[in-house]
Every structure is written in structure tokens, then in C-alpha cells.
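Each remark here refers to the structure printed beneath this line.
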Amino acid sequence: MMLQVEGINTYYRKSHILQDVSFSVEAGEVVALLGRNGVGKTTSLRSVMGLTAPRNGSIRFQDREVAGQAPYVMAKAGMAYMPDDLKIFPDLTCEENLEIARRLSGRDGYWNQGRVEELFPVLGDRRKQLGILLSGGEKKMLGMGRALMANPDMILLDEPSEGLAPLVVDHLAAVIEAIRDKGITLLLADQNLKFCRRVCGRGYILEKGRVVHADTIAAIWDDEAVIKQYLAL
Amino acid sequence: MGNNGWTRRRFIQAGLLTTGAAALGVGVTRPTGLWAATPKIKGPIKVGYQAIMSGTLAGYGEFHKMGVTLAMEEINAGGGIAGNKLEVEFRDSTLKAPEAIQNARYFVDSWGADFLGGVDSSGQALALAPVMAELDRILIVTHAATEKLTEEQVFKNGIKQIFRICTPTYQDGNAAAFVAKDLPAATWATISPKYEYGYTCWDMFKNTLTKLKPGVSFTAESWAPFGTTDFRSHINTILDAKPEGLYSTEWAGELITMVRQAGQAGLFKSIKHVMFPVGAAMDVLEGLGADMPDNVWISGRYFFLYPNNSTNNDWVQRFRKRWNHYPAYVSETGYSAMFALKKAVEAAGSKETKAVIQALEGMTMDSPAGQRVFRKEDHQAMYDVPWGLTVASDKYPFKIMGKQILVPAKECFNRPPFEGEGTRPPF
Amino acid sequence: MSREILKIVSLNKAFGRVQAAADINLSLQEGVLTSIIGPNGAGKSTLINILSGSIPPDSGRIYFLGTDITRLPVHRRVKLGLCRSFQLVNIFPELTVFENILLPALAAADRTRHLLRAIRRETAVRAQVAQLLERIGLQHAADTVASALSHGDQRVLEVGVALAAKPKLLFLDEPTAGMNPVERVRVLENIRELSHSKQTTFVLVEHDMDIVFSLSDRVIVLHHGEVIGDGTTDAVKNDPRVREVYLGQEVPA
Amino acid sequence: MKRYAPILFAGIALAALVLIGLIGGRFLIYLTSRVMILSIFAMGYNILFGRTGLLSFGHAAFYAGGAYGLGLFMLHVLPHPLLGIVVGVACAALLAVVIGFFCVRHTEIYFAMLTLAFGMMVFSLIWNLRDITGGDDGLVGIIRTPIALGPLSIPIIKPQSYYFLILALLLLSVFLIYRIRHSPFGLVLAGIRENEKRVAFAGVSLKNYRLGAFVLSGAFAGLAGALGTLLESSTSPFSAHWSHSAEPILVTLIGGLQTFAGPMVGSAVFIVLREVIERFTHNWMLWFSIILLVIIMGFRGGIVGILSGRRK
Amino acid sequence: MNLESLVHVCLAGLSTGMFIWLVASGLTLIFGVLGVLNFAHGSFYMLGAYCAFTALKLMGGNFWLGLLVGPLVVCAVGFVIERFFLRHVYGLELPYQLLLTFAFVLLFDNLVKIIWGAGSIGSPSVPGLSGSVNILGRFFPVYNLFIIVVGPLVALGLWALIEKTWYGRIIRAASTEREMAAAIGVRVPALFTGVFVFGTWLGAVGGALAVPYIGLLTPGMGEAIIIEAFVVAVIGGLGSLKGAFLGALVIGLLSSFGTRFLPAFDMFLTFILMAAVLLWRPQGFFGKAV
């Protein structure tokens, strides 16, 4: 088991955001957290990454209890994270944005500057460009690239397809498949079921901070009642 | 972690509430002492003393305290004031007038003070005057020098509750001019504090020197704001003007800084006649040590080697023994203020304000600084402080006054009615 | 042909080397529900920001009902009747739902300058607010602090706040994102109704093609700051250029 | 029951204030006078700080505007305290219009720094315009002459009678500020604090309303300055110093930032606490700073916030 | 006006400016990375001066040893403040941060009085740098020349640290995107503590170096400098080291030339400059656009 989350409760200030949320991801799987805005998808990813520690419950990553660990510990243990707003370092060049992730993780492996630029050729063109000057699409690729540079065992992707033109979403699906084929486990939070259907095997549907439905993506796709009730489509 | 944080915060809250409540309780239950003042001498004589005890000038508060505490100890050891114990309470005056007023009101209305003393800032002294009239308690000012206090508040406005035991700005301005008139310098310049004290002294110096020695000219003025730590530009202003004499009422730490920086810039080599009206203050002499140049004219409100008589020398010995310090001028004025009160109360046979005012007016007293007379019209204590030239000495790790010139207070202090040409020296 | 409500003449805006608006010329008609679509970074947000007054254009002119508003500050445009909602929730989090609507309603009624008048006595405006709350289905939550609402309700409130200013022209930035079907239907019904009654002219920025194609009278497609498609829903759906850069095979023709 | 608690507290506080004025000792009356004046300063300040969310570091300038406005008027024009107060408030408000015109262009730290710069300019001007302001000696001898109202003449020279004038003006201020807080204008200010972008999109000119809040709070600062000057019979340049601007901030945070009574409670605690600490030790700054640290680390809702069960 | 005067006024302005820079650099660094406007920075300056003085006394009067050891002691104070207090208010609004650091100003002013006494303390001279050199017939202290050299060196060192080193890159990353830096493996709390302590060290070194220049130590000596450092940090652009350096030069020269050539010169002009810069370019000379 790559990641096992059991019964976590997470609060933001006084609001109880996640209520007894459980899900799991096997090694090599691509799993989706589905649901509308504000149901707790982002918070789930943040809880796993250690950015918003759950108040209780268990998170096991590669069979180690990691609930409440600091984010840097998670990063060094092989977890990478791409937030929905990407958070590209504005004062660092494209190249530095990638390099800093690799060096900080202290992990070597398949992914390096060259391989990432191969996957996203535009990053090679913008190598010396400051992060603040990149366009939205370029930032998204840099965000993915930066996650890869850490040579993680698992990547958390928040809203990877959001705001992308339908054409680009096609490309993104191919990229995610390529990443999965290199042995990286993925957990993504997304609203786009069509996109998820192409890349994910299983999905969890969240509603008001709880997991209300879990099944294979194919089954969810076919279950119109569930889609009507919980998904924004 | 979350749980710990919660309990810790709760603990702190509970603690503060309890302390706060306790503190308030004490504050409220203390007697307000409105009825403490009685016409006859009964119970201890209470003096509320305020001086600056925080910020860059906090050292002066300590000097005040040493003098006053020593006086209290000596008076009580010698049987007190007319058989009553002397009690002194100190408070930090800061430099803000409202604080000084709150202190005074606390002393009189809450603590039950019979007399007040202290005050460093001229602005505070002026603001306190009407308050003292309202509270009807005597305040003996031991440091603030503005002549407006005695001329306007006491003489003109008739606030009889104010007395001043230290020298006023006349000593710094007029007396300096009496010394300067005999110096072979025809052009003068100044670096002085950019506030009333600095302006007033320089005006007095200029006016009196012009009268004494027509033909002198004043070539440059550079005003340093309160808290200046960098005098280099001011020094350049003076060096550019090439005066023969420099007069500066900088004092305390700022004088130390200025002298150091002037020495580095070679100012004392090019300007031969330099006068520091407050240069004889102990903090300045000790702070500068060997960096105080020789042959600079200095004075103060008291200098521990003058007068060279047994009263003063014994006192300096006792002071040294008690505090391991040479007495600063505010130590002497604070000390003498206590003895002035002792003498006046004993003479009046009462600690009632009106009676003690009468006793103080015109009163003569012996003090470490020599004989003081409280002038009846403006309640200014008349006593002489010498001007002298700095010189090194084997006996002290700092410069002292060598050649001394005494300008008697009577000749350089303005005279009542303080208006018109005839009231200003030379008379 | 209805009245021209907004006219945009050769509008340009660049951020560094990114051209966010490239010589845009558009004319919007009163009562025509218009949608603006395009991939992320196409310049949709920039266009709305320029039109509503948050950022100044590099060049070009904007006319609202014939008045040149190119240099007018935001609040003056709102006073003229041009308002917008936001993509992310953008309400007054610590005020109650009622107050959230009351504030723009008071501003629209020109009553905000009253220093000493009790807000309780603004009965006419309060009645309007209550009406609007009922319309958007938040009357039950009137005294709730806005930040305590569910995300969907906050989105509904967001639209309500924009409507309370009684705009003649309203830009809605992804108005139904994150709403559940019930909320979504309610908001879309409101939009349709207000649009038909010609009280307010709507301009929608949307990613959801279902909404765009079911609701709009006219669709404008932006790409790299340029208008690459403009017309009725069917015309745009079948535009080869639009299909190439944006729609792909996703939307059946 | 809970709804009536604030009214009950207000009633008790008012009764206590009246009682102090009637039978309190002279020092208690003086200290309470200072508390009331600081309350006016802080409550006015809180229109800007708590309500509108702008942190000014130059409000002492308006306090000084009121102080010197009243002082100069009473010394040179007419020794009429009530007119003096009106002139002081007008001076402060005028100064706030001029300074506010520039300052409201920015928010947050830039606003704070801009107000600091203008405040220190005023301090510097007062210090240097010696012929008018008396330099660092300040204005002294401002006597509380009787208030002449037609044939009526109300003496306020006695601390006790002046106390009731302050109390009356405090009550007037509380009333006005309460009304402002619950007016449409007050709602707009709260809106600016919560989300200024949204306020602009409600069709409200941010700058004008920020300026409005600025001038209002400046006018109350001026009222406090005028009353303070009459209380002490003098005023000095330190009244305009930045460290004086820090007082209402301190007081508001101690009392509770977004509460109505916070500034008043904070003022009382600030002045009484300092007085009490000074009776025990000359190191009042040490103890005061420790108490401040405790408040910031553990009591962030301020005293009123804690009492009313709100936590930040 | 003559050449020698001009040169000397210039030199005076440069040395004043470099002093303010030494203090403002730490203030700016801390603001730039941690986003905290640290009122207590003036206290670090004061503590640096006092601790260096005591270290010097304890270790046989060697100024350089005092300069080395004193500021390290202050670093420990900075560590405690960041670790146990400031860390808990990063997420809060500006007033709370200001108030917290203001409380430390009061605390340290009073502690210094208790530990070292209320009076001023004369400063020791610096071996090797105590004389003056004749420049165009007028004397200028060697020590001030030394400061004029040290200032730019510190600036250069800081620039190299931020722009050229690995730690600098991490700092740049963490100062703009705190959470993301954590998510890629930066120990952000430790980094912030480190930066705060380093900023503290800069302030303390400024204080230790200031003593021979001012000529004495006084409790409360940090209060005057903190306002000047604020002004410099603001006109340079809050958080911009380059801007603070330039701002310090401008303020140093302005006060020097103003004092010499405009008799009415006062902080009034300084604050007009500050207001003008804020109005014209709120981001300062080099700050990022707001």
C-alpha cells in the first residue's frame, strides 16, 4: 500500500473541514478525489502533505505513520505536491525552480532537468526566464515538472486539468500516463470527470468534508444518479 | 501539541486575571491620603521626588536618587526634620509633561506628599507650575533651568509654590559671557541643542557679550536636534566659519559624543577658545576621560572641587563612601533641596505650605555648593559656581577645573522685575 | 435591434511579453446574454478587469451607453450601472448575509453617506434586500455570518451581492462553479429571468460548455488576447478555428 | 439574559463614573479624567483601526492639532473653553483632511508608514515653529476659565466640575460613535475592512470613505487633545510624537479590537495598570512589557473579547 | 563653501549612511523574508553594543574579540524571540506583530538599565583605527573610513549570499512561497529562525560598531536608530536590500548636507522625502510593485 488514510479530521480555524475521511492508493495506481469546489479535496491533499495537519486519524505512507509530519519530512520521504495555484517561485528562474526541488529532496532517479524538458519542451525554451514572467500554461507545466524533479514515489496533483483548453487536457492525460508508466503513484483532486476517466483507475467522491462514494471511475461514469447528486457536471 | 497550547494559554489567562485583580485591589484599597496633610508637624515629612529614569538620560535619575537618598539617610540619622522622619518616594518623570503632572498629583493626592522635588525638563517644570498652585505644595526644582519658570511663573504669575535650587540658564549664558569678554576671541560660533534651552543660552551669551565687548561677532550657529549621535556635519559648519571661539550648551551624552567627534576632526586644534557651560558635569568628565581636551572652559550647576572648604570636601567624602561615585551636580542639588526643606520646616515650625514658603523666601543655607540664598522675588537660589579651564590631574582619572574664574551670581543673574534693559547684565 | 450597451474600440493590454488583449473591438447589445469562452490565459479575466475598471488598458476606448468610461474608477462605473462578480468567492466574510446584500443595495440607493442615521430605519432598502434574498434562496440564512455558509451558498451570495447593485450590465465570472445542481438551477433561472425582462444584460465567463451553449444568445471566443470567434452558439460550435484551438472534439457539433 | 449584559455593564460603568465624580478623591478624579480622554482618543481611532481596518501611526498629530488649536485660541483669541474645544476639533479635522488626502491612497503597511511620516512632520513643525508653539516648552498657562453661555457661566476650574464636562463629552462621543457604527456609513467602513475590492464594486468610492473615516477619527483625536490640554493646562510637542500614536493602538488591542467597548476598557486598564505597576516598582516598562506579551500570546481577543466569550 | 568642506560633509554623510545601512540591512532582511516589521531591531542594536562592550571588558579589552562575541550573545536572544514568540504571530495581522516587537523594545530598554545601569558608559577606542587622517587639511577619523569600507562590503556579502548561494536560493524561494517551499523539502521554520537570527546578528554588529563612533552607550540608544532605519527601509522599498543600501546613502547624505547647508534642516525633510517616495512609488526604489 502506497498511501492509506484512515478517519482523519482536519480543521481550518474553527471550521471542521474533513470529517472522518478515509481513502487509500496502491503503488502504481492513479486515483482521483472527485467533488465540487469546497468539499474538501484540496484539504485532503494538504493533510496528506502535512500542510494542514489533521487533528486525529491515521495517514500511512509506504507503511509508515506520517500524520502530523512536517511537509519537508514528507517531501524527503518521497511525496511531491502540486497545488492548484501552482505556487511557482517568482524570483527563481524556470531552471532554478526545477533544480531547487531536485536538490532539496535529496533523491536521485529517472527524472532530471533533461528528462523534464523532454516531457515539457516549453520549459527548455524558458530556462532562464523568471517564474513571475511565465504564462499560465507554462506555469502549470513547471509545477508538474517541479514535482517530478524530486523523483518522488507519489505525486499529489490539485486540479491539474482546471482552466486548460479541452485540447490541452488531452495532452495532459498523455503526460500523466507517461508519469505513471515511470512507476510513480498519483493522487489527483479534480472536478473534470471526463478527464479523470481517461487517467484514473478509481475515484472517491467527497461531499461536505466526507467521502460519500468510492468506486472505479468506470462505475462512477456510468452511475448517473451519483453524478447528478455529487458532481458538478 | 494542540492540547498543550490550549492548557498553557488557559493557564496564562488565569494567571494574569488573578494578578490583575490583586493589583487593582491593592491600588484601590490604598488610602488616598487626602487628609494626610495637617497644619502641625505631625508624622513623617513626605517628599515626592521625580526625575528622568528611563531612556537615554536615565543616568540623571540615578544621580538625583543618590543625592536625595544620602540626604534622607543623614537627616533621619540626625533626628529627622523637627523630630519627624523624612520619607522620600521616587518616580520616573520621563520627558513628557502629562507624566510629570500625574506623578505630582499622585504624590500629593494619593501618597500624601508634603513637598515635591526634582524635574529635569524645562517644559515639564513650566507645565507643573499651575498644578503646584492648585495642589498648593512646594516644588523644589533641582535641574530644569529655564528662566521662564522663575521669572514668569513665580514672579509674574505669582505661583509661590515653586523654588529652584539649581542655577538657571543665566549661569550658562550670561556668566559664560563674563568669562568670554576677557578672552582674545572676537568671533564666536555655537553648536547647541535645537530646543529652547539651547536657543535661550546662546541668546543670553550673545546679548551679554555684545554689551560687555562691543565689536564681537557671531559667525555660525548649528543646532543639533535632541538625540543627535552624529555631530560631524555640525562640526564642519563650525570649521568652515573659522571662529576664534566656540560656545556649546550640548550636555550629557550628546556633549560626550560631540567632544569625541570634534577631537577626531581636529576642532580643538583650530579653535582655541571653547566653552561648555555644562561641561563640568561628572557624567561628561568621567565619560570623556582623557578625550576631554585641555584648556577648555567648563562650568556646571555644581562642581565637586568647589568650594574648597570642609563642608564640601567632607560631603564629597561621604558621598564617595556611600556610592563609590563623585557627586554629579543633580546629586548635590537633590541633596541640598532636602536640607533646604529641613531648614525651612524647622524655621517655620510647620510643614504647611504657606509657612514654609515664607521661611524659604530669602532663606540662606549652607550647602556643599556653598552658601545659597533663595531670592524672595523669584524664588531662585543664588549661589556661585565657577568657570574653569580643563586640566589633567594625577588624582583623578578625568579632567578637572584648573584655573578658575568666579562670576558671582549676583552679577550675572537677571534682576527683578526682569523687564527692560536695566534688568539684564551687565547691570 | 436593441440598444448598444457597451462598445469596445481597439483595446490593448500587455503584461510584459504576454499580450492579454490584442486590439479587441466589440459591441454588446442590451438584453443579449453573451458568453465569453477561451482557454486559461486567453485574456478573459483581463478583459473583464479592464471593462470593470480594475486595471487600465494600454490603449483603446470603452463606451458604456455612449459614455466614455475608459478612465473612470471602478465605483463610478458601478454607479453608471456596470458591475461584476468574481470567480473566487469575494464577499464580506464577517458580515451577515443580509449585510452583504444591504451594503451594495444602500450604495445603489445612494444612502451610504448617512453618518448618524440608524441602518434599521432604511426600511425601503431593507425590503428590497429581503426580496433579493428570497429570490436567490438565502432568506433562511439572512442573519448568518457569510463565512459560515457552505461553499455553494457563498457562491450564490456572490451573485446576489453583484445583483444588489442593480447593474444594467453585469459580468459574471464562472457564476455556477462549485454549486450543487439545485443551487445551479436557481441561479441560472434568475439569470435567464432577469435577462429576459431586460433589467440586466449579462456577460458570462464560463468553462462549462453545457451552460454556455444552453444559456447564451451570443458566444465570444478569446485566444491569446484576440477574438477568434463571435456569433450565435451554433455558429461558434461549428467554427473550425474555435474547434482547433479550444473545443477540440469535446463538444459535438 | 445575555442580550442585556452589555446594557447592564454600560449602566454599571456609567454609575461608577458619576459616583467617582461626586465622591472620588482628587487623584481618582484626575486619573479617571485621563482614562476618559484616552477613551475618546482610542474610540475615535477605532473608527479607522477596528472598523475600517487601517492602522495609522500618526494619529498623535491630530491629538496635537486639537491640543494646539485649543491652546492657541484660548491664549490669543478668546479664553472660552467650549469654543476652544470646537476650534481644536476643527483644527484636528482640517489637518486630517489634508493628511488624509494623501494617506488614503494606500493601505496596510504603506498607509501605516505614510501616516508615520506625516505625523512626524507635524511633530517636527510644532517643535520648530517656536514663535507660535513655544517650541519644546510647549504652550503653558491655559486656564480653565468658566464657560460663558449667554447669561450663564459654568465654572470648570475645579477638577471635579471639569470632570463632568469630560464625562458629558465622553457620553456624546460614545453616542456619536455608536450611531456611526450602526449607520449605513459604518456598514460601508466595515465592508472596506472585510473586502475593499468588493466595496468598490458596490459603487462606493474607497478613497472618499477611507478619508471620511480618517477625518472622523482625527476629529475625535482632536477632541481628546483639546480636553487633555485643558486637563493639564498645557501641551507640548510630545503630544504629536509617534510614541503617543502608539497609545490608542495599544489600548485598543488590550481592550479588544473589533468590539465597541474595547477601547474604553483598554484605556482604563492601560492607565490603571501603569499607575499600579509604578507603585510597586520603578521598572514599570519591564512589567508592562511582560503583561503585553501575555496578552498577545494568550489573550488575543482583548479583554472585552474574552469576557464576551469571543476568541480570535 | 570650499572643496575641503564639501569633501568632509560628503564623508560624514557616507559614514552616517553606512551606519544606518548596517542596522537597516537586518531589518530589511527580516521583513523581506519573514514579512515581519521588527520594532525590536533597534533593541538588538543596543544589545549588540552593550554585549560587545561587556565581552570586551571580560576579554582583556580587545575590541575585535568583543565585536565577535557580543553579537553572538544577541543572536541567542534573537533565537528565543523568534522560536517562542514571533513564530506564533506570523499568521496574524500587522498590528499584533508590531505590538509584539514593541513589547520587546520596552522589555530590553528596561533590562539594559537593570543589567548595565541607567547611566551612559564611555566607549573604548579601537586599536589601529583610533587616529584621524588629514584629508585636504581637515581631519577625518580612520574609524569612520573603516565604516565607509565595511558598509559596502556587508552589502556585497549579503548580495552574494542571496543571489549566488544555495541558501540564498532557498531564502528567495521561501520568502515568496512559504508553503510551497515547505512542500518541496525546505525546513521553513528552521530557515526562518536562521534568517531572523542572522538579521539579529546584523543589527547587533551595527550596534557594536556604532559604539566607538558615537562615543558612548546609553539605554534607549536603539530608539533613535530604529526610526531612521524604518525610513531607510521604506524609501528603499520594504524588503529590498539593494533599496535599503541606496536609501541609507540618500538619508546619510541628505542629513549631512542638510545640516551643513540648510540651517533649518530637520527630520522634517527626511519625513517629507519618505512621504514623497511612498506617494510616488510606494514600492520604494527597488521594491516589487504593489
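Note that the structure is predicted; figures quoted are calculated from it, not measured. Sequence lines set the chain letters: A, B, ... in the order given, protein chains first and strands last, and positions in each chain run from 1.
- The number of heavy-atom neighbours closer than 6.0 Å to CZ of D:F101, taken from other residues, nucleotides and ligands shown, is 12 or below.
- Considering all non-hydrogen atoms of both residues, D:Y110 and E:P282 come closest at CE2-O, 2.7 Å.
- One finds the CD1 atom of D:I249 at 7.5 Å from the CG atom of E:L98 (value rounded to the nearest 0.5 Å).
- With a 4.5 angstrom heavy-atom cutoff, D:F118 touches chain E only via side-chain atoms.
- Note on ring orientation: taking the six-membered ring where Trp is involved, the planes of E:F39 and D:W242 are parallel (angle under 30°, cut-offs 30° and 60°).
- Counting heavy-atom pairs closer than 4.5 Å to chain D, the top residue among E:L111, E:I227, E:L269 is E:I227.
- Listed options E:L94, E:D109, E:L99, E:I272 were ranked by heavy-atom pairs under 4.5 angstrom with chain D; first place goes to E:L99.
- Residues E:F271 and D:M121 approach most closely at O-CE, 3.3 Å, considering heavy atoms.
- Contact annotation for E:L273: neither backbone nor side-chain heavy atoms come within less than 4.5 Å of a heavy atom of chain D.
- With rounding to the nearest 0.5 Å, the separation of NE2 in D:H106 from CG in E:L278 is 6.0 Å.
- Only the side chain of E:F31 comes within contact range of chain D, with at least one heavy atom under 4.5 Å from a heavy atom of that chain.
- Residues D:S289 and E:L106 share a closest heavy-atom pair of CB-CB, 3.8 Å.
- Partner D:M113 forms a side chain to side chain contact (heavy atoms under 4.5 Å, CB included) with one of E:V231, E:L37, E:I235 and no other, that one being E:L37.
- The CG atom of D:N128 sits 7.5 Å away from atom CE of E:M267, with the distance rounded to the nearest 0.5 Å.
- Between D:L55 and E:E93, every side-chain heavy-atom pair lies at or beyond the 4.5 Å cut-off.
- The heavy-atom pair separating E:F85 from D:M297 by the smallest distance is O-CE, 3.6 Å.
- Contact count versus chain E (heavy atoms, under 4.5 Å) is highest, among D:L125, D:V122, D:T252, for D:L125.
- D:F57 touches chain E through its side chain: at least one heavy atom from C-beta onward sits under 4.5 Å away, while N, CA, C and O do not.
- For D:I296 against E:Y96, the heavy-atom pair with the smallest separation is CG2-O, 4.2 Å.
- Here the shortest heavy-atom pairing between D:W284 and E:N110 reads N-ND2, 4.0 Å.
- Between chain E and the residues D:L292, D:I109, D:T115, D:L250, the most heavy-atom pairs under 4.5 angstrom are made by D:I109.
- Here CG of D:L286 is found 5.0 Å from CD1 of E:I114. Values are rounded to the nearest 0.5 Å.
- Of the inter-residue distances, the one linking D:L116 atom CG with E:F230 atom CZ reads 8.0 Å to the nearest 0.5 angstrom.
- E:L279 places a side-chain heavy atom less than 4.5 Å from the side chain of D:R105.
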Verdict with supporting geometry, E:F104 and D:L293, side-chain contact (heavy atoms from CB on, under 4.5 Å):
CA-CA 8 Å; E:F104 280 109; D:L293 287 179; 3.8 Å; yes
